[in-house]
Protein chains: 2
Amino acid sequence: MTITIKDIARIANVSTATVSRVLNEAGGYNEETKKKIMNVAHELGYRRNENARSLVQNSSNIIGVIMPNVATIFYGDIVNGIENIAHEKGYSIIISHAGVNGERFVQSVNLMGERKVDGLVIVTVELDRNQLDLVKSLRIPFILLSTDTPEKDAPFIKVNDFDAAYAATQYLIENGHERIGLAGANPTDRVAGITRIEGYKKALQDNGLPFEKKLVKYGDFSFNSGKEAMESFLQEKTELSAVFGVSDDVALGIISVAYNHGINVPADLSVIGYDNTRVAEMSIPPLTSIGQPFFEMGSEGCKIVIEATQNKKEIPSRIIPFHLVERKSVKKINE
Amino acid sequence: MTITIKDIARIANVSTATVSRVLNEAGGYNEETKKKIMNVAHELGYRRNENARSLVQNSSNIIGVIMPNVATIFYGDIVNGIENIAHEKGYSIIISHAGVNGERFVQSVNLMGERKVDGLVIVTVELDRNQLDLVKSLRIPFILLSTDTPEKDAPFIKVNDFDAAYAATQYLIENGHERIGLAGANPTDRVAGITRIEGYKKALQDNGLPFEKKLVKYGDFSFNSGKEAMESFLQEKTELSAVFGVSDDVALGIISVAYNHGINVPADLSVIGYDNTRVAEMSIPPLTSIGQPFFEMGSEGCKIVIEATQNKKEIPSRIIPFHLVERKSVKKINE
DNA sequence: CTGTTAGCGCGTTCAC
DNA sequence: GTGAACGCGCTAACAG
């Protein structure tokens with residue numbers, strides 16, 4: 001049914017070896033026979049079988065991508081970056097969702113093992129010891145994107161959340177704010193929760209500002225978290241002139257509730273977000289936010305993994321720079 | 001290096017055939033030998049080679065997904081839906097981006113052909129005659145999501161854009177609006193542009209409302225389109241009490257400019273969006289919008305394709321219902 | 001219940 | 001420059 005190099009060989013009156021050589025541009029054949037073979041292949045609508053190829057070459061030219069199933073906003077950008085490079089390098093990507101809490105992670109890894117992917121990009125999911133060992137058992141290059149491991153014993157690319165949170169807070173302080181709230185961070189999240197809380201604290205401390213418990217409202221990085229945080233602030237009549245939302249969603253939640261209470265942003269309250277997702281520029285007012293280079297993370301991560309499959313070198317971890325995108329949600333008090 | 005069934009067979013003192021039978025639970029073997037084999041397999045950390053399997057079974061258990069590379073907001077939901085079902089049915093998904101204007105489409109299809117995917121899900125990309133023929137040349141089940149072909153000669157799942165636009169407009173009319181603008185639609189877009197414009201016109205007409213050229217502003221479904229449209233309305237001093245933005249982004253663009261001009265939504269101007277993306281609930285005010293069931297589109301599409309690979313039945317096209325999600329961006333004048 | 005054989009489609013020796 | 005033969009890891013057919 002399907003056309004194989006056998007068919008081509010038969011019709012072109014050559015051996016399959018020659019067909020293979022021509023198709024792979026391996027050199028060592030007559031231009032005449034090449035033309036003949038190419039013509040036949042074209043006429044027959046031949047398409048090579050990558051599965052068979054993978055089998056004999058012991059390499060699939062596939063990069064596996066594992067991520068939680070949440071359709072996060074930056075999901076798209078990271079995958080875009082990955083796919084982009086993969087395509088450029090002649091690789092395909094196969095995607096598997098590990099589940100919001102990583103409950104399908106083992107299955108995902110096994111899947112990648114069975115498909116014999118050449119490399120692995122793991123997005124966002126936090127790995128414990130066992131899971132990391134499982135990944136390592138694949139004996140293929142891999143990298144973590146936007147996350148890391150407690151002992152930093154696996155290569156990763158991410159921004160420094162502590163520094164970024166510090167910068168966000170510092171920015172508010174520099175603009176004259178002293179009563180600064182923190183909202184939406186999950187204090188049990190080692191990667192994006194604790195770090196950002198600590199960055200916030202440190203910035204306060206370095207500027208001689210007191211840290212007050214009632215200024216921070218925990219949450220899960222969601223829009224709702226932001227709303228709840230703001231409502232708490234209001235209810236507790238907490239005095240504050242600015243809030244650092246640990247995600248754009250949180251920041252929008254804050255702005256939303258503020259609006260409903262007639263509190264104008266940024267006139268009455270300043271808000272800064274985190275992620276610089278596409279909603280940041282669409283919000284009212286446009287949201288000042290800490291930007292993470294998601295697309296670049298994806299492309300860099302994919303690129304380095306592919307390179308590692310070829311040169312067998314160890315993959316270095318990398319801290320990638322964030323950038324603060326100034327928009328209109330923060331009032332400059334001291335100007 | 002890698003463990004194969006040969007290794008297992010050798011150590012367990014059986015033939016590879018038996019190992020294969022056990023591993024595939026094909027039945028017809030002693031419980032004793034099964035245990036022995038399973039143990040050995042486990043100890044060796046055996047992982048089957050799906051590529052070899054695909055080769056001999058002439059079926060890869062992979063579903064291909066082709067989409068434009070735009071990281072659209074609904075991208076995530078559709079893919080989630082697809083992956084979800086695929087996983088449930090034991091399939092893997094391999095993703096390829098066709099490029100915003102489909103410039104990489106041919107490569108994507110060829111890729112899928114070479115990987116011998118069992119079925120294909122094509123998201124959003126519009127196909128011309130040649131492209132459709134190429135897809136068909138794969139001779140595998142496929143489906144179009146959120147798009148169709150001019151001659152409806154390929155199976156698709158989408159909402160009826162005409163009806164949806166009609167419903168949006170009708171909703172505004174029912175709430176007492178008579179001067180209704182349309183913004184952001186691309187009049188050369190056969191699938192989502194022309195249809196929505198026509199739906200809007202028809203609703204006007206059916207309600208005895210005049211259609212006025214200056215009430216419609218074309219665009220490309222983007223936030224910027226919305227902003228530009230609203231600015232035009234303002235500049236031309238077009239009198240209107242409501243605007244139908246053909247995407248949530250467009251709607252937010254309108255609201256944004258309105259806000260900057262001190263125009264209150266919905267008090268002074270009502271706005272309805274389209275897509276019901278996650279930004280809809282986060283906007284100020286929360287945006288009333290036409291909802292498309294993206295996740296369901298993905299899961300339904302994937303499901304039906306997988307089924308078709310098994311029962312060889314033809315895939316029927318399907319119009320999937322939209323729903324109007326009422327929030328706070330439309331003023332009910334007649335109440 | 002189990003082993004032997006063949007072959008999936010392809011790349012790669014090693015001869016000629 | 002080209003072909004015959006082998007093997008990648010696995011399943012399927014047939015024998016026993």
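All of these numbers come straight from a predicted model, not from anything done at the bench.
- Within the helix from dC1(C)-dG16(D) to dC16(C)-dG1(D), the inter-axis angle between the opening and closing five-pair segments is 40°, rounded to 10°.
- N58(A) comes within 4.0 angstrom of nothing in the nucleic acid, heavy atoms only.
- To the nearest angstrom, P of dA12(D) lies 14 Å from OH of Y29(B).
- Where DNA chain C meets chain B (any atom under 4.0 Å from a heavy atom), the bounding nucleotides read 5' to 3' are dC1(C) to dG9(C).
- For V56(A), the listed nucleotide lying nearest its side chain is dG7(D); candidates were dG7(D), dG9(D), dG3(D).
- Contact annotation: S20(B) side-chain N/O to dT11(D) OP1/OP2 distance is under 4.0 Å.
- Between the NZ atom of K34(A) and the P atom of dG1(D) there is a distance of 14 Å, given to the nearest Å.
- Residue R47(B) places no side-chain atom within donor-acceptor reach of the base of dG9(D), judged by atom type and a 3.5 Å distance cut-off alone.
- Per the geometry, CG belonging to L23(B) stands 11 Å off C1' belonging to dC10(D), to the nearest Å.
- At dC10(D), none of the side-chain N or O atoms of R48(B) fall inside 4.0 Å of OP1 or OP2 (strictly under the cut-off).
- Close to dT2(D), at under 4.0 Å from its OP1 or OP2, lies a side-chain N or O of T33(A).
- Checking dA4(D), dA13(D), dA12(D) against every side-chain atom of Q57(B), the shortest atom distance belongs to dA12(D).
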Step by step, work out the side-chain contact (heavy atoms from CB on, under 4.5 Å) result for D118(A) and I140(A).
CA-CA 6 Å; D118(A) 291 342; I140(A) 55 171; over 6 Å; no
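- OP1 and OP2 of dC8(D) both lie 4.0 Å or more from every side-chain N or O belonging to K116(A).
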